Amino acid sequence: MTKKLVTYSYLGLLLAMLYAPIFIIIIFSFTEAKVLGNWTGFSLKLYTSLFQGGVHHSLTSALWNTLIIGLISAFASTLLGTMAAIGIHNLNPRQQKAVQTANIIPILNPDIITAISLFLLFVSIGISQGYTTVVLAHITFCTPYVVLSVLPRLRRMNPNLYEAALDLGATPLLALRRILLPELKPGMISGFILAFTLSIDDFVVTLFTIGNEGLETLSTYIYADARKGGLTPELRPLSSIIFITVLVLLLVINQRAVKKKL
Amino acid sequence: MQTKIASYFGRRRNWTIPYVLYLALFVLIPMLLIVFYAFANNEGELSLTNFRKFLMQPEAMNTFIYSIGVALITTFLCILLGYPAAYLLSRMDSARAKLLVILFILPMWINFLIRTLATVALFDFLKLPLGEGALLFGMVYNFLPFMIYPIYNILQKTDKSLIEATQDLGANPRQVFFKTILPLSFPGISSGIMMVFMPVISTFAIAELLTINNIKLFGTTLQENIYNGMWNYGAALSLVMLLLIGFTSLINTESNTKAAEEGNLI
């Protein structure tokens, strides 16, 4: 009994520490004050003004840019990473090791090294920085994670299934669609979600590859805001909404997974 | 032409080629560019000026050493706080543990700049001063989940029969922990260290916000140099950092590749 009590109070304490700042954001999203931490009475004004088009045009467009860049990067890295994983699985062991080692480099590199190296690449080639360069950069650090989530599924697969399909007269394309892809789907989906998450959360790499033509994502927008001294108040309700949505989604997925097991 | 392409893609191993080209263009060449810029002066001639400047100028050097110190303390605190949490989670029934692990990872979904600014508000609210203490809190706060997750993953996969065997052989609970459980979880700790130590050195923004611009870490130095157009010097400093990464990952390459294969690095 005491053991259980100790367990839960320790984990509870850590979680309280992790969540304290988030609760502050959520609580103060229900007041109008410009400065985070000032309470000027309950109000939903920040929520309504967040959804009023035009008022915070730059914030809304930053949000859209973040989502679009996230979707394109996640889609492209899932495609590239899945193809790569299928290819790697069919290489000889030495080649496999080489490609896999190269695959971990972007994961081990801190953001800022990836950012500076890509910045130097883009200025050396002389491409103007903007949407394209950000997407290319995001694909660079997202794809390795897709490869890592698809590869284990290939390893676990029965290799005879694919051969059997070919023996029974399926074309390679049909066998790919009917045998391989269904088997890889869970890995591809988790790779996609991971890539999307990494992309929308990225700040450093984006900052170095976004150029200076006024393109903003949520991260660079907040950074510029913070350097000016304050946070746009509407970011509080926006963060709260994102947080609650993700919380509910994850809990639902988890519940379903638990039920399936039972 | 079409049949040629089809037969080319018919061979599965060729499917690696697009990604290998991508890696070459966007990972390998850019990293070589860092080396190239680092060993060149502003006129593009081969020189060691940048490194001489790094060794002679106390400012960048001091920031570098200070950052390593902050990173060491943060990593230590993350292990100290995170290991017990991971251990306790691994002992729970798996459905409940999964839920709690999700709760530990969830804060990462809020943009870290917003979370950091909220931490500033929290410190103001509690009337605590901003500075070194706030910096360490912010760092631990940001990186703790990266320590808990890999350790939890390893502990959860640990073969229970090994622990039982140790008990059967007469070990007391303390011996069971120090002789069996802890050594078996080293790969998790080492991937946790990789996930915490280097990123702390290279973060920027967090330190400025939590110390009202009083303290800066090496990441900020890098960013400032690149932003002020000192590409060569910035590249040299990046190379110094790359060497440090190479050094730390050399120490545990084996456990790294293994951890990455098992998805622990995520």
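Lettering of chains follows the sequences in order, A, B, ..., and the numbering in each one begins at 1. When reading the values below, keep in mind they use all heavy atoms of this one structure, side chains included, and skip hydrogens, waters and symmetry mates. The model shown is predicted, which means the values in this text are computed figures rather than measured ones.
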Identify which part of B/Tyr227 has an atom lying under 4.5 Å from any heavy atom of chain A, answering side chain, backbone, both or neither.
side chain
Tell me, out of A/Ile86, A/Asn90, A/Val204, A/Asp202, who's got the most heavy-atom pairs with chain B below 4.5 Å.
A/Asn90
Contacts of type side-chain contact (heavy atoms from CB on, under 4.5 Å), residue A/Asn212, not counting sequence neighbours:
none
Separation of A/Asn109 CG from B/Ile34 CD1 (nearest 0.5 Å):
7.5 Å
What's the separation between atom CG in A/Leu121 and atom CG in B/Leu28, rounded to the nearest 0.5 Å?
11.5 Å
Chain A contact via B/Ile201 - side chain, backbone, both or neither, heavy atoms under 4.5 Å:
neither
Interatomic distance, CG@A/Leu14 vs CD1@B/Ile148, rounded to 0.5 Å, equals 6.0 Å
Using heavy-atom distances under 4.5 Å, tell me whether B/Leu33 contacts chain A through its side chain, its backbone, both, or neither.
both
Is a side-chain N or O of A/Tyr10 found less than 3.5 angstrom from the main chain of B/Leu81, in a donor-acceptor match?
yes
Show which side-chain atoms of residues 235-249 of chain A pair as donor or acceptor with protein atoms under 3.5 Å away, not counting sequence neighbours.
unit_1	atom_1	unit_2	atom_2	d
A/Arg236	NE	A/Phe28	O	3.1
A/Arg236	NH1	A/Ala33	O	3.4
A/Arg236	NH1	A/Lys34	O	3.4
A/Arg236	NH2	A/Phe28	O	3.1
A/Arg236	NH2	A/Ala33	O	2.8
A/Ser239	OG	A/Leu235	O	2.7
A/Ser240	OG	A/Arg236	O	2.8
A/Thr245	OG1	A/Ile241	O	2.5

What do you reckon, is OH of A/Tyr19 surrounded by more than 12 foreign heavy atoms closer than 6.0 Å?
yes
Rounded to the nearest 0.5 Å, what separation is found between the CG atom of B/Leu239 and the OG atom of A/Ser117?
12.0 Å
Roughly how far apart are B/Phe26 CZ and A/Thr114 OG1, rounded to 0.5 Å?
13.5 Å
